[in-house]
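Below is one structure, written out as structure tokens; comments come after it.
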Amino acid sequence: MLFIAPPRIRHLVVLHVGIDDTDSMERMCTTYVATEIVSRFRGLDLIGYPRLVRLNPNIPWKTRGNGALCLRYGVGQGTPFHVGRIGGERVEAYPRSGPVEANEDLWETCEDVVMELADLEDPEAQPGLVVTRRKPSPGLYWRAVTDVVSWKEVEPLLSLVDFYLAPKGMRGLIGSLAAISWRPRDRTYEVLAYRMQERWGTLRVVREEDVMALDERFPTTFNNYDHDNRHMAVVPNSPCPVLLGIRGDVADDLHRALSTIKCEAVDRWILFKTNQGTDEHLVRRRVQDLRSNISAIVEGIVSARPRVLEGGHVVFPLDDGSTVDCVAYEPTKAFRKIVRELYPGDGVRAYGSVRDIPRSLNLEKLDVFELRQIVVKVANPRCLSCGRSMKSVGRAGGFRCRPCGAKAPPDAAEFRPLDRGITEGIFEPPVAARRHLSRPVKRMAFSRQGEGSGTLRTLLTRP
Ligand code: ATP
């Protein structure tokens with residue numbers, strides 16, 4: 001008799017929980033759903049930080065920031081570390097896990113929490129939940145952060161997962177699986193503090209001076225306070241349960257940073273590992289390859305002077321053999337001043353998302369890597385015979401001295417270089433107008449991956 005051994009499950013050491021699309025404009029936040037799972041499920045250990053994974057910011061059906069969540073559970077090994085506090089209790093995670101079996105309790109807890117907290121009334125939301133020991137390849141994450149993933153691409157993965165839940169349509173499973181498939185390369189952290197439930201929907205109380213001081217007190221944090229617009233970027237605008245979130249490169253700094261902020265009572269806080277501030281949504285492309293719903297970095301030459309449109313948006317054409325309009329929208333405020341200083345011939349790298357109609361690149365950042373020297377005429381030449389000022393005889397005709405009739409070519413005039421008003425370097429919109437995924441210039445200078453030395457030099461020498 002032929003004996004077929006049951007497949008041995010080796011190296012399946014982590015149970016991944018992926019969650020997405022549980023919130024609506026009016027309520028909830030998928031990160032809160034994740035904290036509730038952490039709070040209720042104690043049957044296994046948390047492995048690593050909970051993960052907040054931002055996906056393609058140009059997906060038309062996102063609610064806000066296209067965030068999906070991943071929690072990892074297993075049998076903890078190594079020294080546990082502090083990742084949060086819920087209900088007065090310390091939450092810890094382990095760096096590694098030993099082998100783990102499928103876990104019915106974990107599944108049931110996740111299902112209960114999602115069915116209880118997800119905004120199932122919202123016509124747009126399609127909540128998704130996946131629990132699996134088999135992790136999809138990171139290729140899915142890269143597709144989901146840079147492009148639109150079709151349901152057909154993801155459907156075959158469902159046969160590999162332990163459990164999934166999609167009570168209102170399958171879309172939420174795309175983000176859930178993509179969050180699980182993220183293998184952090186560049187990464188940042190965010191500590192999220194949540195409000196007491198009775199205060200949800202009311203005005204948030206957070207002391208502005210403390211938020212203003214964060215950049216200086218904790219230099220590894222970023223996107224804290226928008227000094228141009230006097231806006232606390234750490235505080236969300238929506239009626240969701242989040243009180244504030246502080247982002248940074250060093251996980252250990254974030255809880256300390258949170259403790260310096262005077263604010264209303266905090267119900268719970270959790271430290272997430274995230275892909276925020278990494279620019280992973282951007283792909284280098286040529287103008288001819290731009291299409292809707294993607295983000296790109298396009299390198300080329302400015303081909304005409306920027307113009308200011310009604311509403312204050314500033315537009316310039318970028319040419320790399322084909323041409324696309326690059327737009328700095330009004331909310332990018334002072335960033336538009338930089339854009340207005342461009343001249344034809346300047347070499348720039350434009351970072352942004354593609355808008356379909358009219359086809360344009362919505363600027364998130366601008367690397368001015370070559371400023372053309374522009375000279376302006378300041379005076380007509382003096383006559384070499386009599387010393388008098390010569391008169392112009394038309395654009396191409398050069399100059400003529402009326403009294404003595406001497407002639408001079410057009411380039412005999414006196415020129416001086418135009419003061420360009422900008423330097424070469426990388427420029428970004430103020431904090432309030434940045435995308436979750438956009439890598440702040442502050443990180444570009446000091447991140448582990450760094451940039452080309454030329455870019456670093458211009459960043460560090462810019463006044
Ligand atoms: P959050 O408010 O938590 O920041 P969001 O609410 O803006 O995020 P979701 O409500 O999660 O976004 O909606 C995004 C939906 O789009 C989800 O159903 C998700 O599965 C799906 N989705 C996300 N990225 C992609 C992608 N690249 N291709 C296809 N579908 C995607």
Side-chain angles (χ1 to χ4, degrees), residues 17-37 50-71 113-114 117-130 136 138-155 157-158 161 164-182 190 192 194 200 223 233 235-242 244-245 247 270 272 274-277 280-283 291-296 353-354 434-438:
V17 177
I19 320 155
D20 197 8
D21 213 347
T22 62
D23 55 359
S24 64
M25 282 300 198
E26 284 72 44
R27 61 181 210 88
M28 209 19 74
C29 169
T30 306
T31 66
Y32 184 84
V33 175
T35 68
E36 201 51 26
I37 293 172
R51 295 176 171 189
L52 165 56
V53 185
R54 299 284 176 182
L55 302 173
N56 184 351
N58 303 319
I59 281 291
W61 45 84
K62 69 178 181 173
T63 318
R64 284 185 289 263
N66 202 5
L69 270 295
C70 172
L71 298 170
V113 172
V114 169
L117 296 183
D119 193 346
L120 298 169
E121 317 276 274
D122 183 77
E124 303 301 323
Q126 295 193 14
L129 168 67
V130 172
L140 174 62
Y141 162 71
W142 286 107
R143 290 260 312 124
V145 75
T146 56
D147 214 324
V148 180
V149 177
S150 68
W151 172 241
K152 260 175 53 194
E153 289 174 72
V154 165
E155 195 175 11
L157 297 175
L158 287 189
V161 308
Y164 69 88
L165 173 75
K168 283 186 60 201
M170 306 309 243
R171 199 163 68 203
L173 296 177
I174 298 177
S176 308
L177 285 160
I180 293 173
S181 72
W182 179 45
E190 177 163 7
L192 281 169
Y194 297 85
W200 292 2
N223 290 359
V235 178
N237 299 319
S238 66
C240 74
V242 174
L244 63 99
R247 300 171 181 196
I270 287 279
F272 291 91
T274 103
N275 61 344
Q276 293 170 158
E280 288 190 346
H281 60 309
L282 295 165
V283 175
R291 54 191 162 77
S292 52
N293 302 131
I294 60 161
S295 304
S353 53
V354 179
R434 289 183 203 157
R435 299 202 109 151
H436 296 296
L437 274 161
S438 290

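Small disclaimer: the values here were computed from a predicted structure and weren't measured. The first residue of the sequence shown is numbered 1, and numbering continues consecutively from there. Read the numbers this way: they start at 1 and go in the same order the structure lists the ligands and their atoms.
Within the structure, ligand 1 lacks V145 among the residues with a heavy atom less than 4.0 angstrom away. Using a 4.0 Å cutoff on heavy atoms, G172 counts as a contact of ligand 1. Under the 4.0 angstrom criterion for non-hydrogen atoms, H436 is not in contact with ligand 1.
Counting only heavy atoms of the protein, atom 11 (O) of ligand 1 lies nearest to D20 OD1, 2.6 Å. Of the protein's heavy atoms, D21 OD1, 3.6 Å lies nearest to atom 9 (P) of ligand 1. In terms of protein heavy-atom proximity, atom 20 (O) of ligand 1 is nearest to R171 O, 2.7 Å. Counting protein heavy atoms only, atom 7 (O) of ligand 1 is closest to R64 N, 2.4 Å. Scanning all protein heavy atoms for the shortest distance to atom 3 (O) of ligand 1 gives D23 OD2, 3.2 Å. Among protein heavy atoms, atom 23 (C) of ligand 1 sits closest to N66 OD1, 3.2 Å. When only non-hydrogen protein atoms are considered, atom 22 (N) of ligand 1 lies nearest to W61 NE1, 4.0 Å.
Of all the heavy atoms of D147, the ones lying under 4.0 Å from any atom of ligand 1 belong exclusively to the backbone. At a 4.0 Å heavy-atom cut-off, ligand 1 touches V149 through backbone and side chain alike. At a heavy-atom distance under 4.0 Å, no atom of E124 approaches ligand 1.
In this model, no donor atom of one side chain and acceptor atom of the other lie less than 3.5 Å apart for R435 and S295. At a cut-off of 3.5 Å, with distance as the only test, no side-chain donor of R64 or N237 sits close to an acceptor on the other residue.
Taking the six-membered ring where tryptophan is involved, the planes of Y141 and W182 are tilted, since the angle between them lies from 30° to 60°.
The two residues E190 and T274 come nearest to each other via the heavy atoms N-CG2, 3.9 Å.
Note that the CG atom of D21 and the CZ atom of R171 stand 6.0 Å from one another [nearest 0.5 Å].
Considering only heavy atoms from C-beta on, V161 comes within 4.5 Å of L177 through its side chain.
Atom numbering of ligand 1 starts at 1 in the shown order; those under 4.0 Å from a heavy atom of G67 are 1 (P), 3 (O), 4 (O), 8 (O), 11 (O).
Summarising the contacts of atom 25 (C) of ligand 1 with I294, L173, I59, the nearest heavy atom is found in I59.
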